[in-house]
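The next block holds one structure in the form of structure tokens; read it before the comments.
Counting starts at 1 for both ligands and their atoms, in listed order.
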Amino acid sequence: QFADDMQEFTKFPTKTGRRSLSRSISQSSTDSYSSAASYTDSSDDEVSPREKQQTNSKGSSNFCVKNIKQAEFGRREIEIAEQDMSALISLRKRAQGEKPLAGAKIVGCTHITAQTAVLIETLCALGAQCRWSACNIYSTQNEVAAALAEAGVAVFAWKGESEDDFWWCIDRCVNVDGWQANMILDDGGDLTHWVYKKYPNVFKKIRGIVEESVTGVHRLYQLSKAGKLCVPAMNVNDSVTKQKFDNLYCCRESILDGLKRTTDVMFGGKQVVVCGYGEVGKGCCAALKALGAIVYVTEIDPICALQACMDGFRVVKLSEVIRQVDVVITCTGRDEKVVGEPWSRPRRSSHSQVGSLGGGGTSQPCVPRVFGGLLEPG
Ligand SMILES: NC(=O)c1ccc[n+]([C@@H]2O[C@H](COP(=O)([O-])OP(=O)(O)OC[C@H]3O[C@@H](n4cnc5c(N)ncnc54)[C@H](O)[C@@H]3O)[C@@H](O)[C@H]2O)c1
């Protein structure tokens with residue numbers, strides 16, 4: 001039934017039916033691999049969390065996670081994250097007596113990491129009730145999900161969900177007897193559109209949507225243009241602290257983490273072309289340059305192109321370098337793909353890689369298409 005629902009759901013409003021999940025896969029966070037893997041033994045993997053009967057220490061089973069026994073380790077990770085999230089912690093201290101979010105029933109769908117846990121627990125400390133699922137089938141830190149469940153949060157997520165599990169978890173957050181969400185916090189738009197399509201009466205009563213991703217905002221704009229967005233929505237990317245900090249500095253760190261974990265190769269001396277020199281592109285270029293990579297940049301905006309020059313990068317056309325580079329990174333935020341003849345004969349075809357930190361909503365499908373050449377509108 002969920003597979004059918006999912007198929008029907010993805011017809012709207014995506015251009016390609018599987019975009020929402022593809023996005024989840026494409027942005028498969030690299031941040032959960034080591035910790036989650038180390039705490040997931042093979043016997044754990046044999047049984048789907050959906051089949052397991054688990055309760056937390058208070059006897060609640062209002063959650064579905066990989067293994068509730070991992071909660072203690074997850075708690076330690078959350079505590080480490082709290083040390084770097086002083087704004088939220090001071091907000092808790094200042095406002096938890098007043099409970100300014102009392103009455104807020106928030107349904108969320110984000111990466112479930114230690115950092116998100118700090119956010120969720122802050123919302124709860126301020127009086128909100130939260131139910132949470134993962135926006136990405138791979139990025140959940142199982143032990144963090146366990147810690148949230150142990151703390152009483154209704155969390156439905158584990159690393160390695162199937163498509164069916166993904167929609168099942170979202171539905172478990174929304175479809176609850178005696179509880180109706182009045183706010184949505186989403187990353188990618190899947191939850192929002194699930195509520196919109198499956199529970200229109202709930203959707204009408206939503207008081208506000210917070211959307212974290214460009215992809216999700218794009219989907220909201222589509223709804224809005226069709227005159228169907230009856231709910232106020234906030235684009236997190238409009239926040240200067242998101243754009244100028246997360247996009248730049250976080251990507252500066254995660255680009256190397258992602259490349260290293262997926263390829264396990266050295267980048268000193270490698271030739272890399274970064275498409276787009278916006279915030280994300282600037283972070284990627286800085287990190288790759290620091291590692292000793294030879295970095296080329298493509299840009300369509302003359303100011304950003306000039307900035308790349310002033311920062312010491314060679315600004316090129318993709319067609320000029322595509323046959324000599326080892327790696328292509330797309331950070332344009334557009335729905336584009338690398339196509340065409342030159343890329344079919346890259347200099348070192350067996351080694352060439354493509355990565356997308358922000359190639360638009362359908363960025364992930366560019367990967368199989370890459371053996372073809374130039375960046376063109378997709
Ligand atoms: N993976 C992550 O963790 C992560 C984090 C933050 C943002 N993002 C995503 O990364 C994308 C880019 O974000 P940003 O803040 O850098 O946006 P931005 O608008 O600052 O930068 C995009 C740049 O790409 C350039 N560009 C557009 N089309 C191009 C083309 N065909 N060829 C070359 N250059 C082109 C634009 O001129 C612009 O300078 C967005 O989709 C964003 O959602 C990803």
Side-chain angles (χ1 to χ4, degrees), residues 19 22-32 110-111 113 115-116 135-136 138-139 186-189 211-221 235-259 261-262 272-287 295-311 313-322 325 328-340 354-367 373-378:
R19 182 180 69 175
S22 297
R23 175 191 173 279
S24 302
I25 294 167
S26 71
Q27 294 195 348
S28 158
S29 172
T30 51
D31 49 17
S32 64
T110 62
H111 296 282
T113 62
Q115 293 74 20
T116 319
C135 68
N136 180 303
Y138 295 129
S139 69
D186 205 358
D187 184 343
E211 173 53 56
E212 299 212 357
S213 76
V214 171
T215 308
V217 165
H218 179 66
R219 298 170 81 181
L220 287 171
Y221 272 119
N235 175 4
V236 173
N237 270 294
D238 286 342
S239 154
V240 71
T241 51
K242 163 75 169 90
Q243 269 238 311
K244 300 283 177 194
F245 291 83
D246 177 50
N247 294 20
L248 177 59
Y249 301 115
C250 293
C251 288
R252 192 174 67 180
E253 303 228 359
S254 61
I255 176 81
L256 298 184
D257 184 57
L259 286 171
R261 289 191 198 208
T262 49
V272 182
V273 60
V274 175
C275 305
Y277 200 68
E279 302 302 334
V280 173
K282 286 182 176 74
C284 293
C285 287
V295 182
Y296 304 100
V297 169
T298 69
E299 247 302 340
I300 56 167
D301 179 301
I303 299 297
C304 293
L306 198 51
Q307 284 180 313
C309 286
M310 300 300 283
D311 289 339
F313 299 106
R314 261 197 65 202
V315 179
V316 294
K317 288 187 174 166
L318 192 56
S319 57
E320 292 169 23
V321 295
I322 196 71
V325 292
V328 180
I329 305 287
T330 57
C331 316
T332 61
R334 302 225 179 153
D335 181 9
E336 285 159 333
K337 55 187 183 284
V338 183
V339 294
V354 66
S356 172
L357 269 92
T362 54
S363 54
Q364 196 270 343
C366 80
V367 177
L374 307 175
L375 201 61
E376 288 179 352

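Between Asp311 and Cys285, every side-chain heavy-atom pair lies at or beyond the 4.5 Å cut-off. At least one side-chain heavy atom of Ser213 sits less than 4.5 Å from a side-chain heavy atom of Glu211. Taking 4.5 Å as the limit, some side-chain heavy atom of Ile329 sits within range of a side-chain heavy atom of Ile255.
Remark: ligand 1 and Asn247 share an N or O pair separated by less than 3.5 Å (distance only, no angle test). Any N or O atom pair closer than 3.5 Å counts here, and Val280 shares at least one such pair with ligand 1. For Asn237, no nitrogen or oxygen atom sits less than 3.5 Å from a nitrogen or oxygen atom of ligand 1, counting backbone and side chain alike.
Of all atoms in ligand 1, numbered sequentially from 1 with element shown, those under 4.0 Å from a heavy atom of Glu299 are 23 (C), 24 (O), 25 (C), 33 (C), 34 (N), 36 (C), 37 (O), 38 (C), 39 (O). Here is the list of ligand 1 atoms found below 4.0 Å of a heavy atom in Gln243: 15 (O). Set against the non-hydrogen atoms of Lys242, the atoms of ligand 1 under 4.0 Å away are 6 (C).
Ligand 1 lies nowhere less than 4.0 angstrom from a heavy atom belonging to Ser213. A heavy-atom separation below 4.0 Å is found between Cys331 and ligand 1.
Remark: the backbone N or O of Leu318 is not paired with any side-chain donor or acceptor of Thr298 at under 3.5 angstrom. Judged by distance alone, the side chain of Glu299 and the main-chain N or O of Cys275 form no donor-acceptor pair under 3.5 Å. When atom types are taken as modelled, the side chain of Ser239 and the backbone of Thr241 share a donor-acceptor pair closer than 3.5 angstrom.
Checking Gln243, Lys244, Lys242 one by one against Asp246, the side-chain hydrogen bond (donor to acceptor under 3.5 Å, both in side chains) holds for a single residue, Lys242.
Of the candidates Asp301, Thr298, Ile300, Ile255, Ile300 brings a heavy atom nearest to atom 28 (N) of ligand 1.
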